[in-house]
Amino acid sequence: MKTAAMSVEQLTGYLKELRSASGDYQTKGLMLDSSGLNFTPEDIKRPCESVPVKLAHYWVDLKKTHAASFVSGARYEYSYTLIGIASHAVGPQDGRVPDTAPPGPSVCRGTLSVSYLGEDLPLTALPYDLKLVDTTAPGPVTVRGDGVLSAIYVSPPHPDSC
């Protein structure tokens with residue numbers, strides 16, 4: 001598929017609909033996971049040329065604002081700090097895109113990674129309803145904005161101690 005003349009909106013739709021060659025139900029041809037960007041699309045819809053995809057990494061600093069009680073869980077405030085943004089050529093060959101893995105979390109500091117096309121994302125597009133879990137396995141999150149392809153959040157270890 002020729003992608004060079006596509007608008008950001010068209011290219012975003014195309015990449016979001018691109019299915020994986022694995023054949024697994026509802027798997028995407030372009031995935032963002034703990035190893036970074038992975039490109040494995042079906043042959044019939046593969047792009048003819050590489051596609052530039054931006055990847056932004058953010059620190060997510062947590063601050064407990066309300067301790068847990070019998071009635072409700074603890075409440076936290078989040079603040080985001082941009083670690084960096086880089087553009088990566090994805091495709092047309094399969095494989096992992098080098099140097100795209102999210103940074104690891106630390107005490108009271110998680111990470112958010114967002115793959116997108118077009119204009120850089122404002123901080124207001126980032127989620128403020130993250131689920132804090134006692135694992136550092138990445139989980140998908142929703143980031144609002146035109147051109148957003150996918151996003152993953154890695155919670156800090158033991159968020160209750162923040």
Side-chain angles (χ1 to χ4, degrees), residues 1 3 6 8-47 49-62 76 78-123 125-159 162:
M1 167 121 2
T3 58
M6 288 184 179
V8 169
E9 184 179 321
Q10 291 170 322
L11 191 55
T12 301
Y14 163 72
L15 289 173
K16 281 185 165 184
E17 295 299 318
L18 196 58
R19 297 287 164 231
S20 171
S22 72
D24 292 340
Y25 180 68
Q26 291 190 339
T27 57
K28 304 281 186 184
L30 177 61
M31 296 282 299
L32 178 59
D33 58 25
S34 62
S35 298
L37 290 169
N38 187 24
F39 189 68
T40 57
E42 294 176 313
D43 286 335
I44 58 172
K45 296 229 177 177
R46 176 181 300 280
E49 60 273 334
S50 64
V51 177
V53 173
K54 290 182 180 178
L55 183 61
H57 297 293
Y58 300 87
W59 290 120
V60 183
D61 292 307
L62 304 178
Y76 297 86
Y78 308 97
S79 62
Y80 291 98
T81 304
L82 180 64
I83 299 169
I85 299 172
S87 184
H88 300 276
V90 174
Q93 295 81 19
D94 287 358
R96 293 245 173 239
V97 179
D99 303 319
T100 59
S106 61
V107 176
C108 296
R109 181 177 256 190
T111 61
L112 177 72
S113 298
V114 184
S115 63
Y116 64 99
L117 305 171
E119 297 295 318
D120 289 341
L121 301 170
L123 290 178
L126 303 179
Y128 284 87
D129 58 349
L130 298 169
K131 302 274 191 268
L132 296 176
V133 292
D134 203 8
T135 179
T136 56
V141 294
T142 300
V143 172
R144 298 179 316 270
D146 296 334
V148 173
L149 299 170
S150 63
I152 57 171
Y153 170 64
V154 180
S155 185
H158 314 294
C162 294

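Each residue takes its place number in the sequence, starting with 1.
Scanning both residues, Val143 and Ala151, for their nearest heavy atoms gives CG2-CB, 3.5 Å. Leu82 and Ala56 make their closest contact through CD1-CB, 4.4 Å (heavy atoms, listed as atom of the first residue, atom of the second, distance). Pro103 and Ile83 make their closest contact through CG-CD1, 3.6 Å (heavy atoms, listed as atom of the first residue, atom of the second, distance). For the pair Ser50 and Pro52, the tightest heavy-atom approach, listed with the atom from each and the gap, is O-CD, 4.0 Å. Residues Pro102 and Thr111 share a closest heavy-atom pair of CB-OG1, 4.5 Å. The shortest non-hydrogen separation linking Trp59 to Gly104 is CZ3-O, 3.5 Å.
Between the side chain of Lys28 and the backbone N or O of Lys16, at least one donor-acceptor pair lies under 3.5 Å. In this structure, Thr100 contributes its side chain and Leu37 its backbone to a donor-acceptor pair below 3.5 Å. When atom types are taken as modelled, the side chain of Ser115 and the backbone of Leu149 share no donor-acceptor pair closer than 3.5 angstrom. Checked by atom type and distance alone, the side chain of Tyr116 never pairs as donor or acceptor with a backbone atom of Thr12 at under 3.5 Å. Between the side chain of Tyr78 and the backbone N or O of Leu130, at least one donor-acceptor pair lies under 3.5 Å.
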Step by step, work out the side-chain contact (heavy atoms from CB on, under 4.5 Å) result for Leu126 and Val60. CA-CA 10 Å; Leu126 303 179; Val60 183; over 6 Å; no

Decide yes or no on side-chain contact (heavy atoms from CB on, under 4.5 Å) for Asp146 and Glu9, but give the supporting numbers first. CA-CA 7 Å; Asp146 296 334; Glu9 184 179 321; over 6 Å; no

Given side-chain contact (heavy atoms from CB on, under 4.5 Å), test Val53 with Val97 step by step and report yes or no. CA-CA 10 Å; Val53 173; Val97 179; over 6 Å; no

List the steps, then state whether side-chain contact (heavy atoms from CB on, under 4.5 Å) holds for Leu30 with Asn38. CA-CA 6 Å; Leu30 177 61; Asn38 187 24; over 6 Å; no

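Annotation for Glu119: atom CD does not count as buried by contact number, only 12 or fewer foreign heavy atoms lying within 6.0 Å. In the displayed structure, Asp94 atom CG is contacted under 6.0 Å by more than 12 heavy atoms of other residues, nucleotides or ligands. By the 6.0 Å contact criterion, CD on Glu42 is enclosed, its count of non-hydrogen atoms from other residues, nucleotides or ligands being greater than 12.
Note: Thr142 OG1 to Arg144 CZ = 9.5 Å, rounded to the nearest 0.5 Å. Expressed to the nearest 0.5 Å, how far CG of Asp33 lies from OG of Ser150 amounts to 9.0 Å. Considering CD of Glu17 and NZ of Lys45, their distance stands at 8.0 Å, rounded to 0.5 Å. The CG atom of Leu15 sits 8.0 Å away from atom CE of Met6, with the distance rounded to the nearest 0.5 Å. Annotation: the span from Arg96 atom CZ to Thr40 atom OG1 amounts to 8.5 Å, rounded to 0.5 Å. In this structure, Arg19 CZ and Ile44 CD1 are separated by 11.5 Å, a value rounded to the nearest 0.5 Å.
Side-chain contact check for Val107 versus Pro156: every heavy-atom pair is 4.5 Å or farther apart. Leu112 is listed as a side-chain neighbour of Pro127, based on a closest heavy-atom distance under 4.5 Å.
Between Tyr153 and Tyr58, the ring centre distance reaches or exceeds 6.0 Å.
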